[in-house]
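Notes follow the structure.
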2 protein chains.
Amino acid sequence: MTERPYHHGHLRDALLAEAERTLREQGAEQLSLRDLARQAGVSHAAPRRHFADRQALLDALAGAGFARLADEVAAAVTAAGPDFRARLRATGVAYVRFATTDPALMELMFAAKIAGGDEELAAGAGRLFITVGELISEGQRTGQLPAGDPERLRLLFMATARGIAGIVTPGQPGAGQADGLIDDVVALFTAGGR
Amino acid sequence: MTERPYHHGHLRDALLAEAERTLREQGAEQLSLRDLARQAGVSHAAPRRHFADRQALLDALAGAGFARLADEVAAAVTAAGPDFRARLRATGVAYVRFATTDPALMELMFAAKIAGGDEELAAGAGRLFITVGELISEGQRTGQLPAGDPERLRLLFMATARGIAGIVTPGQPGAGQADGLIDDVVALFTAGGR
DNA sequence: CTACTATGATGTCAACGACAACATTACTGG
DNA sequence: CCAGTAATGTTGTCGTTGACATCATAGTAG
């Protein structure tokens with residue numbers, strides 16, 4: 001009989017993976033440490049060795065989410081080629097795409113208090129900020145975005161993208177139009193340049 | 001001895017009021033039906049006569065929130081006088097102000113599924129949409145906003161305002177700059193007009 | 001006065017997060 | 001190689017919660 005080993009071996013990763021699945025399929029409310037433990041085949045208290053409390057698990061999920069979004073944005077920008085407007089659009093579309101696939105995760109990420117929160121969370125968020133920040137600075141250098149504090153423009157763009165991404169959740173009016181809105185935003189931002 | 005009457009009289013309102021307070025001070029996670037019952041001095045099951053489940057209470061809070069935000073936006077637009085840019089700015093500032101005072105409520109409102117959800121919720125949200133929609137249409141008529149589908153422009157503006165409002169939560173980077181970002185948005189939107 | 005209905009109370013259940021105490025395995029220095 | 005210690009998992013328990021069923025009270029309409 002295949003005895004289950006006393007030590008799981010990859011419990012933390014297994015919990016996170018399963019949690020991401022549950023989060024996607026049933027939302028953050030339905031995430032239960034005990035349930036995750038059951039699905040991983042361990043005792044109800046085992047998760048506590050890896051996550052001090054429920055919030056710590058959510059923070060870890062948010063951190064991983066930021067890291068993944070940063071990757072996807074970076075990849076999208078690269079794939080978009082040299083044209084700046086296309087690159088900016090790709091960033092927005094990546095946001096929307098991410099939010100479409102994982103609305104609950106998106107919510108979790110931006111609901112988490114990034115400053116003062118988890119270490120890994122801040123790292124993931126930081127990477128995303130830098131990635132977008134570099135794109136914005138590039139646009140300002142080449143005169144395709146309005147001049148001014150680049151940090152502030154980045155903040156504005158990211159807030160806008162997040163706002164648009166927020167409407168893709170089922171049950172929100174205008175859910176299907178997100179990509180079109182991104183086009184409008186790019187037009188608006190780049191119109192202010194030159 | 002001041003006997004408590006068997007019937008509370010205004011339980012629903014009392015629960016909502018206390019819930020709004022708790023929501024503001026401790027966030028949605030901390031909202032417990034039993035706790036509200038205790039604070040209202042009724043039995044732990046009494047709230048169920050007014051809210052079928054926890055989610056129903058949250059929906060009611062969100063609905064009231066939308067109604068209040070709609071009022072505040074309408075009032076701000078009126079108070080802003082005749083200049084369109086000032087009116088548009090007032091709308092954004094009202095959003096930010098609301099989110100600053102009640103971040104958890106704001107989150108609740110836009111996390112709630114507006115379509116298909118509660119009746120009262122849809123009503124409150126609808127009023128807000130109409131209020132902002134009229135302002136957008138006005139701007140397009142007077143040529144101060146770019147032409148095009150007014151519904152789409154409204155969606156874009158509301159999404160942007162919501163995105164900016166989302167960063168005022170403590171723990172979010174750039175929390176203090178929300179009002180400035182609203183100025184930028186107004187400039188961006190109205191620059192596309194003429 | 002008597003239903004009827006709205007509203008609140010009591011009692012109970014299963015699930016959960018958190019914690020403490022204990023068990024087993026892995027690792028590390030001697 | 002081995003002893004001791006750290007890492008990881010288990011068992012048991014507690015208080016809280018949302019949900020539900022059942023009963024109590026009060027206001028209302030016939």
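To find a chain, count down the sequence lines: A is the first, B the second, and so on, and within it residues start at 1. Computed over heavy atoms, backbone and side chain alike; hydrogens, waters and symmetry mates excluded.
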- prompt: Starting at the 5' end of DNA chain D, which residue's closest nucleotide do you reach first, B:Ala52 or B:Arg49?
  reply: B:Ala52

- prompt: Once you round it to whole Å, what is the distance between C1' of C:dA6 and NE2 of B:His50?
  reply: 9 Å

Spacing between A:Leu36 atom CG and C:dA15 atom P, to the nearest angstrom: 16 Å

query: If you look at every strand shown and take non-hydrogen atoms under 4.0 Å, does B:Ala46 touch a base, only sugar-phosphate, or nothing?
result: sugar-phosphate

statement: Rounded to whole Å, CD of B:Gln30 lies from P of C:dG17 at a distance of 14 Å

task: Rounded to the nearest angstrom, tell me the gap between atom CG in B:Asp35 and atom P in D:dG15.
output: 17 Å

field: Candidates D:dG18, C:dC22, D:dC20 - which lies nearest the side chain of B:Leu33
entry: D:dG18

- request: Go through the steps for B:Phe98 and B:Val73 under the test side-chain contact (heavy atoms from CB on, under 4.5 Å), then give the verdict.
  value: CA-CA 9 Å; B:Phe98 189 95; B:Val73 166; over 6 Å; no

message: Measuring to OP1 and OP2 of C:dG17, would you say a side-chain N or O of A:Ser32 lies under 4.0 angstrom away?
response: yes

query: Is A:Arg38 touching bases, backbone alone, or none of the nucleic acid, heavy atoms closer than 4.0 Å?
result: sugar-phosphate

task: Whole angstrom is fine here: how far is it from CZ in B:Phe51 over to P in C:dT7?
output: 12 Å

- prompt: Do the side-chain N or O atoms of A:His44 get closer than 4.0 angstrom to the phosphate oxygens (OP1, OP2) of C:dA18?
  reply: no

Side-chain (A:Gln172) to main-chain (B:Lys113) donor-acceptor, under 3.5 angstrom: no

statement: Of B:Leu11 and B:Arg34, the one whose nearest nucleotide on DNA chain C sits closer to the 5' end is B:Leu11

field: Distance in angstrom units between A:Leu57 CG and C:dC16 C1', rounded
entry: 14 Å

task: Under 4.0 Å between any heavy atoms, over every strand shown, what does A:Leu31 touch: base, sugar-phosphate, or nothing? Just pick one.
output: sugar-phosphate

query: Distance check: side-chain N/O of B:Arg54 vs OP1/OP2 of D:dA19, anything under 4.0 Å?
result: no

field: Nucleotide C:dA18, atom P - distance to CD of B:Glu29 in whole Å
entry: 12 Å

Whole-Å distance separating the CG atom of B:Asp13 from the P atom of C:dT7: 12 Å

A:Arg48 vs B:Ser43, nearer the 5' end of DNA chain C by closest nucleotide: B:Ser43

message: I want to verify a distance call: between D:dT11, C:dC16, C:dA18, whose nearest atom is closest to the A:Asp53 side chain?
response: C:dA18

message: Around atom CD of B:Glu25, are there more than 12 heavy atoms from other residues, nucleotides or ligands closer than 6.0 Å?
response: yes

query: Atom CD of B:Gln144 and atom CZ of B:Arg87: how far apart are they, to the nearest 0.5 Å?
result: 10.0 Å

- prompt: With no hydrogens and no angle check, is any side-chain donor or acceptor of B:Arg49 less than 3.5 Å from a backbone partner on B:Leu11?
  reply: no

